[in-house]
**Q** 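Before I ask anything, here is the structure I am working with.
Residue numbers start from 1 in every chain, and the chains themselves are labelled A, B, ... in the order their sequence lines are given, proteins ahead of strands. For clarity, every value in this text was computed on a predicted model and none was experimentally measured.
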Protein chains: 2
Amino acid sequence: MARGAERHNARPRAPLTRERVLRAAIDLADREGLEALSMRRLGQQLSVEAMSLYNHVANKADLLLGIADLAGSEIYLPSTVDDWRAEMRRRAISARDVFSHHPWVSGLLEAQTDPPIPATLRQHNAVIGCLRAGGFSMAATAHAFSLLDCYIYGWASQEATLPFETDDEVGELAAASLAQLPRDEYPHIAEMITEHTMKPGYSYADEFEFGLDLILDGLDNLRDGASAS
Amino acid sequence: MARGAERHNARPRAPLTRERVLRAAIDLADREGLEALSMRRLGQQLSVEAMSLYNHVANKADLLLGIADLAGSEIYLPSTVDDWRAEMRRRAISARDVFSHHPWVSGLLEAQTDPPIPATLRQHNAVIGCLRAGGFSMAATAHAFSLLDCYIYGWASQEATLPFETDDEVGELAAASLAQLPRDEYPHIAEMITEHTMKPGYSYADEFEFGLDLILDGLDNLRDGASAS
DNA sequence: ACCTGAACACCGTTCAAGT
DNA sequence: ACCTGAACACCGTTCAAGT
């Protein structure tokens, strides 16, 4: 067994690159949360001292920007050719999916960076272009843009705080939180849980498309030449 | 000048209480941001060693829960007597105002804690009660609740990332970001800035009530006995 | 009962030194 | 060119010791 210098770790050689550092950081954040992503812990994952990472990443802010851009680029980019409603709908649902796979992404994309994150700029540009092509005035585009992004990012942060991961768990968890709840102090919450949330057919995830469609319906009235309600 | 033991600080005696600790923490977070709020820095503000704080606060998580509850309690609590639309509107605008005075609050209120933050429970209970009294079914109440909170919290996190604080600064800042923007790569963003954002009358803050009213209009159709559109 | 000093196990980051 | 060890200035928190 001549192993020589590369003896102390199973995967010794593959040289560090920015790409490899960012991928490992995404893995770590997905598995253990963003707060577990420290330079030292990330170094361990790559069988390297923390200081080596600084050869591929300027600092921690650059690392976070890098993973936000990489994961943010997975979100569907709307085009100007199809109808605006289908495109905005598809983009919103894609963002919801990406944010639910990587719960740390939405927060990082919202963080103010200088320069701005390319994935965000591409999204902004594509959304504005799609709405303009769909018949929205400049002012209406600004309205629609702000409303949609508030909803999408708001959903992401609400979802990230949910105590359950799948709809199967909703029932038992609702029962558990109901047991701890001072029912006389919060009667309306108690009623909501017993008569709605705990019922079999309930799915919190369905709320997303409901709200999204309500917003899209409302925005439709804003377009040039839209029939007044 | 007989000053004796209390010589090394201007405000020496007022004994530490949980209230005083929380107030000082809110001040510090407002002035320098949540990331500046460490136990050691907070101790300094109160002319006390960091370890003394643990006599009034279980740990840092408890401190954060405490300031979230205190600031969150400033948000208007909707009643069941007035009409649902006015109440929901007033509550949303109040939340927007509180979140804009204390940009760190919305994030803390969204954080999952066990037990839940009382201010949040009171809000949830009041909102559900108001909507139910306003003629919303259980399912419609869940829809409305989710949509409104996504929008309100989404707005807060979008606003927290804005690079400007007042509407006066919008113009110059838009010009500055336009100068750095690769215009051929992001033509629609460039157009939006030059032809809308940079124009004198534009106010990002106005977008909040626009989106809010669009959502309230949509929700109005959900009520029992609402006229079908 | 409340406050403190020293200590522990962590952070991000710099810098001189190694290969 | 890339990686490392030691060091610095920070964290939250525990614990024995002071008053």
**Q** From the list dT14(C), dT4(C), dC3(D), which nucleotide is the closest neighbour of the side chain of His56(A)?
**A** dC3(D)
**Q** Does any residue of residues 57-69 of chain B have a heavy atom under 4.0 Å from DNA chain D, and if so, which ones, in number order?
**A** Asn59(B), Lys60(B)
**Q** To the nearest 0.5 Å, what is the distance between NZ (Lys60(B)) and CG (Leu37(B))?
**A** 5.0 Å
**Q** Rounding to an integer number of Å, can you tell me how far Leu53(B) CG sits from dC3(C) C1'?
**A** 11 Å
**Q** In this structure, how many angstroms lie between the P atom of dT4(C) and the CG atom of Leu46(B), rounded?
**A** 11 Å
**Q** For DNA chain D, which residues in residues 23-42 of chain A have a heavy atom at a distance below 4.0 Å?
**A** Arg40(A)
**Q** Could you tell me the separation between the CD atom of Glu49(A) and the OH atom of Tyr54(A), rounded to the nearest 0.5 Å?
**A**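 Reported to 0.5 Å precision, the distance equals 13.0 Å.
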**Q** Using OP1 and OP2 only, check whether a side-chain N or O of Tyr54(A) sits under 4.0 Å from dT13(C).
**A** yes
**Q** State plainly whether the residues Glu195(B) and Lys199(B) are in salt-bridge range, i.e. N to O under 4.0 Å.
**A**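 No.
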**Q** Between Arg96(B) and Glu159(B), is the closest basic N to carboxylate O distance under 4.0 Å?
**A** no
**Q** Rounded to whole Å, how long is the line connecting atom CD of Glu49(B) with atom P of dG18(D)?
**A**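 These atoms are roughly 17 Å apart.
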**Q** Any donor-acceptor pair under 3.5 Å linking the side-chain atoms of Arg132(A) with those of Thr80(A)?
**A** no
**Q** Counting N and O atoms only, with roles assigned by atom type, does the side chain of Glu87(B) sit under 3.5 Å from a partner on the main chain of Ser79(B), one being a donor and the other an acceptor?
**A** yes
**Q** Within 45° of the ring axis of Tyr76(B) and under 6.0 Å from its six-membered ring centre, is that where the NZ or CZ of Arg91(B) lies?
**A** no
**Q** Hey, does the side chain of Ser52(B) come within less than 4.0 Å of dC2(C)'s phosphate (OP1/OP2), counting only N and O?
**A** no
**Q** State yes or no: are the ring centers of Trp155(A) and Tyr204(A) separated by less than 6.0 Å?
**A** yes
**Q** Please state whether the rings of Phe145(A) and His124(A) are parallel, tilted or perpendicular, taking 30° and 60° as the class boundaries.
**A** perpendicular
**Q** If I take atom CG in residue Asn55(A) and atom C1' in nucleotide dG18(C), what distance separates them, rounded to the nearest angstrom?
**A**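 After rounding, the gap between these two atoms is 14 Å.
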**Q** Report the nucleotide, chosen from dA6(C), dG5(D), dC2(C), that has the shortest atom-to-atom distance to any side-chain atom of Met51(B).
**A**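 That would be dA6(C).
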**Q** His102(A) side chain to Val98(A) main-chain N or O, any donor-acceptor pair under 3.5 Å?
**A** no
**Q** Anything below 3.5 Å on both distances counts as a pair; with that, list the stems of at least three consecutive Watson-Crick or G-U pairs involving DNA chain D.
**A**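 So far as stems of 3 or more pairs are concerned, DNA chain D shows C:4-8 with D:12-16, C:12-16 with D:4-8.
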**Q** Verify, without hydrogens or angle tests, whether Asn125(B) (side chain) and Ile189(A) (backbone) share a donor-acceptor contact under 3.5 angstrom.
**A**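 Judged by distance alone, yes, a pair lies under 3.5 Å.
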